[in-house]
Amino acid sequence: MGTNSSGCLGTGDAQSIIDPRCVSVLSGKKIESLSCGSGPHVVIITSDGEVYSWGHNAYSQLGNGSTNQALIPCQVSTNLVNKKVVSVACGSHHSMVSTSDGELYAWGYNNSGQVGSGSTANQPIPRRVTSCLQNKIVVGIACGQMSSMAIVDNGEVYAWGYNGNGQLGLGSSGNQPTPCRIATLQGIRVEQVVCGYAHTLALTDEGVMYAWGANSYGQLGTGNKSNQAYPVQVCVDRERIVEIAACHSSHTSAAKSQSGQVFMWGQCRGQAVISPHLTHFSCTDDVFACFSTPAIMWRLLSVEPDDHLTVAESLKKEFDNPETSDLKFLVDEKYIHVHKVLLQIRCEHFRSFLHDSNEDVIEMNQFSYPVFRAFLEYLYTDNISISPEDAIGLLELATLYRENRLKQLCQQSIKQGICEENAVVLLSAAVKYDAQDLEDFCFRFCINHMTMVTQTDAFANMDNDLLKIFINKASKAGAFKN
């Protein structure tokens, strides 16, 4: 619903409407992601990996080979046949998608090289972005107004397109017609990148945020209004950041911390906020709904009806419900109420453990209450809610019970809680429980914070065998070079 410029509503005509109308072409398709340009044009991807586009098309940003606007969603298939598309990003008048096998395709307006083809000719159909990305696996994409960003699986960031404000982070202001690695971020593993109108934010696996590009509204959060051609670290009240947000249509930035606090900065209702400002919001979406100009969201919002519970939601609701449970675990003198059949369905360990058991109460002394409760809740929800400290105990349980997905979730939780004081303890736990990904992460963290880590009590008391391994790996990583 709303204004229907260039047929951007996809309803089949150019009539603006104030009541919601079904976009019939997409009925029955589960929409996974959506992005829109300034024309506006709209590009969506479905759960099946299909791409549909409609709206403004003066620069071939719909990818259908023409420059005619589209009043209804049409599938974009050229060069994408047999490809499962998993993410989409739109700039002002160009579009990008990435596939499940890590390939990147772009099309549309290319006056500054934002399509990454090596020229400045507009691209009428999806074209694979190669150059430096030829043998790379792309895992994340973002678009500014006329710039493009990609993250590859080793955490490197590549940039191309318009660079008049330094938004590519390459240290210059010259446009870049093909992807170029941001060398300043060497050795830093980036997990998320987002673009504003002419600025860029990046989030690392250690919860550290970097910003670069235009800064006339304070959108970099550096405390001033000076543009930055290189990535600079942005500190947010000593908080670990878990999500960053920006939209190519505005100069607003937002971030969410591990403790759930939401910060905003940049152009907020016309005012220039030059440092991250703590809000009362619980999600970054509210920042764009209430303070961004225009009020365009940075990601697709999905609203579920309140009166219907999915199977997953119903199971989650029944966890630790004494009214429906038929089994209680007694842990640290506290009861946890569960359902035998669900435990047997979800966990191989319980399938054999409870097979011939008629007990109504089972005492558990091997694990603490927070750890065992988190494990049981995971069987109901597929997620964990536990402190990074207790996650070590849960990692031990996951290893013992051979719950590999739970093991991965534990590693993610532990990563979020790493600091100089506990890095060695977490590294030791990763080695003990054969968590290779976590071990590599903890080792990198120790190398990046070597001075502080080596002054901790944990390092002084490190197991001799582990110390030898640590020193050897640190030496190979160049930690002791003059």
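Computed from a predicted structure; not experimentally measured.
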Q.
For Ala254 versus Phe288, what's the shortest heavy-atom pair and its separation?
A. CB-CE1, 4.0 Å
Q.
Would Trp160 and Ser147 count as a side chain to side chain contact (heavy atoms under 4.5 Å, CB included) here? Give the steps.
A. CA-CA 6 Å; Trp160 61 100; Ser147 61; over 6 Å; no
Q | is_close_aromatic(Phe329, Phe372), centroid dist under 6.0 Å | A | yes
(Q) If I compare all heavy atoms of His199 with all of Ser250, which pair ends up nearest, and what's the gap? (A) CE1-O, 4.4 Å
Q: Please step through side chain to side chain donor-acceptor pair (under 3.5 Å) for the pair Gln408 and Asn404, ending with a clear verdict.
A: CA-CA 6 Å; Gln408 292 173 353; Asn404 291 329; over 6 Å; no
Q: Determine, step by step, whether Asn110 and Ser117 satisfy the side chain to side chain donor-acceptor pair (under 3.5 Å) criterion, reporting the C-alpha distance in whole Å, the side-chain angles of both residues, the deciding distance to 0.1 Å, and the verdict.
A: CA-CA 9 Å; Asn110 196 33; Ser117 61; 3.2 Å; yes
(Q) So Met264 and Thr284, do their side chains get closer than 4.5 Å, heavy atoms only? (A) no
Q: State, to 0.1 Å, how close Leu438 and Gln411 come at their nearest heavy-atom pair, and which atoms those are.
A: N-OE1, 2.9 Å
Q) Counting only heavy atoms not in Tyr230, do more than 12 sit closer than 6.0 Å to its OH atom? A) no
Q | Cationic N near anionic O, under 4.0 Å, Asp48 to Lys30 | A | no
Q.
Could you check whether Asn383 and Thr381, counting side-chain N and O atoms only, form a donor-acceptor pair closer than 3.5 Å?
A. no
Q) Between Arg240 and Glu206, is there a side-chain N and carboxylate O pair less than 4.0 Å apart? A) no
Q. Are the side chain of Asn111 and the backbone N or O of Thr120 linked by a donor-acceptor pair below 3.5 Å?
A. no
Q) Can any side-chain N or O of Lys136 pair as donor or acceptor with the backbone N or O of Thr130 at less than 3.5 Å? A) no
Q: First locate atom OG of Ser98, then atom CD1 of Ile45, and finally report the distance between them rounded to the nearest 0.5 Å.
A: 7.0 Å
Q. Got Gln134 and Arg128 here, is their nearest side-chain heavy-atom distance under 4.5 Å?
A. yes
Q: Run the salt-bridge test on Lys316 and Glu313 with the 4.0 Å N-O cut-off and return the result as yes or no.
A: no
Q) For Thr99 and Asp101, what are the C-alpha separation, side-chain angles and deciding distance, and is it a side chain to side chain donor-acceptor pair (under 3.5 Å)? A) CA-CA 5 Å; Thr99 66; Asp101 54 1; 2.3 Å; yes
Q: Test Val208 against Tyr210 for side chain to side chain contact (heavy atoms under 4.5 Å, CB included), laying out the working first.
A: CA-CA 7 Å; Val208 178; Tyr210 290 85; 3.7 Å; yes
Q | Ring centres under 6.0 angstrom apart (Tyr197, His248) | A | no
Q | Validation row: Ser257, Phe263 side chains within 4.5 angstrom (heavy atoms) | A | yes
**Q.** Spacing of OG1 belonging to Thr46 relative to CD belonging to Glu50, to within rounding of 0.5 Å
**A.** 4.5 Å
**Q.** Exam field: side chain Asn163 to backbone Gly174, donor-acceptor pair closer than 3.5 Å
**A.** yes
Q. Has the side chain of Gln114 got a donor or acceptor atom that lies under 3.5 Å from a matching backbone atom of Ser112?
A. yes
Q | Exam field: side chain Asp153 to backbone Val138, donor-acceptor pair closer than 3.5 Å | A | no
Q. Roughly how far apart are Leu427 CG and Lys432 NZ, rounded to 0.5 Å?
A. 13.5 Å
Enumerate donor-acceptor pairs with a distance under 3.5 Å from any side-chain N or O in residues 373-380 to protein atoms, sequence neighbours excluded.
{"from": "Arg373", "atom 1": "NH1", "to": "Asp320", "atom 2": "OD2", "distance (Å)": "2.7"}
{"from": "Tyr380", "atom 1": "OH", "to": "His339", "atom 2": "N", "distance (Å)": "2.8"}
{"from": "Tyr380", "atom 1": "OH", "to": "His339", "atom 2": "ND1", "distance (Å)": "2.6"}

(Q) Quick check: closest heavy atoms across Ala423 and Cys446, and the distance to 0.1 Å? (A) CB-SG, 3.8 Å
Q.
I need the Tyr109 OH to Met146 CE distance, nearest 0.5 Å.
A. 7.0 Å
Q) Under a 4.5 Å cut-off applied to non-hydrogen side-chain atoms, are Thr204 and Ile188 in contact? A) yes
Q. How about Thr399 and Asp434: do any of their side-chain heavy atoms sit closer than 4.5 Å?
A. no
Q) Do Leu354 and Ile362 come within less than 4.5 Å of each other through their side chains, counting heavy atoms only? A) yes
Q: Verify side chain to side chain donor-acceptor pair (under 3.5 Å) between Glu156 and Tyr158, making sure each step is shown before the conclusion.
A: CA-CA 7 Å; Glu156 293 177 342; Tyr158 289 79; 2.8 Å; yes
Q: State, with a plain yes or no, whether a side-chain heavy atom of Ser216 is found less than 4.5 Å away from one of His251.
A: no
Q. Under the side chain to side chain contact (heavy atoms under 4.5 Å, CB included) criterion, do Phe470 and Met462 qualify, and how do the steps go?
A. CA-CA 10 Å; Phe470 179 85; Met462 187 187 290; 4.3 Å; yes
Q: Hey, could you give me the CG/CG distance between Leu220 and Leu201, rounded to the nearest 0.5 Å?
A: 7.5 Å
Q | Leu466 to Val431 - nearest heavy-atom pair and separation | A | CD1-CG2, 3.9 Å
Q.
Closer than 3.5 angstrom, by distance alone: can the side chain of Trp212 be matched with the main-chain N or O of Gln167 as a donor-acceptor pair?
A. yes
Q) Rounded to the nearest 0.5 Å, how far does CD of Glu421 lie from CG of Leu426? A) 11.5 Å
Q: Give the ring-plane orientation class for Tyr335 versus His337, where under 30° counts as parallel, over 60° as perpendicular and anything between as tilted.
A: tilted
Q. Judged by atom type as modelled, is there a donor-acceptor pair below 3.5 Å linking the side chain of Asn227 to the main-chain atoms of Asn215?
A. yes
Q) Got a salt bridge between Lys473 and Glu439, using NZ or NE/NH1/NH2 to carboxylate O under 4.0 Å? A) yes
Q | Flag side-chain contact, heavy atom, 4.5 Å: Ser387 against Asp390 | A | yes
**Q.** Atom of Val424, atom of Ala458 and distance for their closest heavy-atom approach
**A.** CG1-O, 3.7 Å
Q.
Could you check whether Glu363 pairs with Lys328 (Lys NZ or Arg NE/NH1/NH2 to Asp/Glu carboxylate O, under 4.0 Å)?
A. no
Q | Within residues 392-406 or reaching into it, pairs that qualify as salt bridge (Lys or Arg N to Asp or Glu O under 4.0 Å) - sequence neighbours excluded | A | Asp382-Arg405
(Q) Would you say that more than 12 heavy atoms from the other residues, nucleotides or ligands in this model lie under 6.0 Å from the NZ of Lys84, or not? (A) yes
**Q.** Flag if over 12 foreign heavy atoms under 6.0 Å of CG, Asn472
**A.** yes
Q) Mind checking what makes side chain to side chain donor-acceptor pair (under 3.5 Å) contact with Thr200, not counting sequence neighbours? A) none
Q: Please confirm whether the backbone N or O of Val425 pairs with a side-chain atom of Asn422, one donor and one acceptor, at under 3.5 Å?
A: no
Q: For side chain to side chain contact (heavy atoms under 4.5 Å, CB included), just list the numbers for Ile182 and Val157, CA-CA rounded to whole Å, side-chain angles, deciding distance to a tenth of an Å, and then say yes or no.
A: CA-CA 6 Å; Ile182 301 180; Val157 181; 3.8 Å; yes
(Q) Do Asp332 and Ser368 pair up side chain to side chain, a donor and an acceptor below 3.5 Å, judged on atom types alone? (A) no
Q | Salt bridge Lys415-Asp205, side-chain N to carboxylate O under 4.0 Å | A | no
